[in-house]
Amino acid sequence: MHRVIEDYIRMCHDGYKLGWHERNGGNLTYRMRPEEVEGCRNLFTQDRHLDLPIDASALAGEHFITSGSGKYMRNMPLEPERNMGIIRIDDDGAGYTILWGLEDDAKPTSELPSHLLNHIARCAVTDGRCRVIYHAHPANITALSYTIEPDARVLSRILWQSETECAVVFPEGVGILDWMIPGGTDIALETSKLIRTYPAVVWAFHGIFGSGETFDETFGLVHTIEKAAEIYLKAKGAGIVRTIGDDQLRLLADAFGVKINEDFLD
Ligand code: 13P
Ligand code: ZN
């Protein structure tokens, strides 16, 4: 098995083991490096073409590993070729070709529009370094979205205050999108606007989208957010009597050399 496919499967399964992928919940896309595409070329035996409902011309010619729609992260290691695939975006960005996997007429994740628009947005703000977009359904961050208005400042402050690492891991904060119908172009457009500013965006009452340069960075980001949400909910249940102050958040940002989003501090 090719290394990049192994790493992809490991991330899917790690998310499953943490309870973030009930049934077919969640999806993962990875924008492949040219050398990874070359390494996998011997697998490319299909050429099934499908149209896209969005303009992906900014990703023309890029290859992505994607999970399949309706497929279970739990099953990813057992039958990769049925549960995931490799696609190439058309030169005009209007569709894509399935080159490997997604066997038996399977399709890429229904959230492919969100993934591709998020890739475009994050590539633009990271000088092309972003390669991973990950959607998961972790219970604590989803539960937290029921306790606040959909406001990035409110959410980010709660998370920064709930675990000392948070301000260092996501100094920009975390975005939040109010409830929308998943799986479509509208939610994709709205998410991609927010993810330009924040490396992760919570979908209220649904889950989270995270982005990053590597599988580790992206998984670690979502893991850190989910852990902070868990700590917050536990502390809130027990009764919060004190928390990390804004001056401490500033000290933390200085000590670790990150630029914290000052708009979110008092
Ligand atoms: P897919 O099975 O199409 O990837 O959808 C799962 C999901 O989480 C939708 O938001
Ligand atoms: Zn989902």
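As the structure lists them, so they are numbered: ligands from 1, and atoms in each ligand from 1. Position 1 is the first residue of the sequence; numbering continues from there.
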Enumerated ligand 1 atoms positioned under 4.0 Å from heavy atoms of His206: 10 (O)

Distance-only N or O hit between ligand 1 and Gly26, under 3.5 Å: yes

Minimum heavy-atom distance Ala228-Cys166, with the two atoms named: CB-SG, 3.5 Å

Where the Zn ion (ligand 2) is the vertex, angle from His135 NE2 to His137 NE2 to 10°: 100°

For Asn27, atoms of ligand 1 separated by under 4.0 Å from a heavy atom: 1 (P), 4 (O), 5 (O), 6 (C), 7 (C), 8 (O)

Atom indices of ligand 1, in the order listed, that fall short of 4.0 Å to a heavy atom of His135: 8 (O), 10 (O)

Ser67 to ligand 1, any heavy atom closer than 4.0 Å: no

Check ion pair Arg153-Asp263 (N to O, under 4.0 angstrom): no

Electrostatic pair Asp47-Arg88, nearest N-O below 4.0 angstrom: no

Atom indices of ligand 1 within 4.0 angstrom of Asn24 heavy atoms, with elements: 1 (P), 2 (O), 5 (O), 6 (C)

Gly70, any N or O under 3.5 Å of ligand 1 N or O: yes

Aromatic ring pairing Tyr8/Phe215, orientation class (parallel under 30°, perpendicular over 60°, tilted between): perpendicular

Of the listed options Lys71, His115, Glu111, His137, closest to atom 10 (O) of ligand 1 (non-hydrogen atoms): Glu111

Lys/Arg-Asp/Glu bridge criterion (N-O < 4.0 Å) met for Lys227, Glu230: no

Aromatic ring pairing His223/Trp20, orientation class (parallel under 30°, perpendicular over 60°, tilted between): perpendicular

Contact partition for Thr109 relative to ligand 1, non-hydrogen atoms under 4.0 Å: both

Residues Glu262, Arg250: salt bridge by 4.0 Å N-O rule: yes

Atom 5 (O) of ligand 1 [closest protein heavy-atom partner, distance rounded to 0.1 Å]: Ser110 OG, 3.4 Å

Lys17 and Asp14 ion-paired at < 4.0 Å: yes

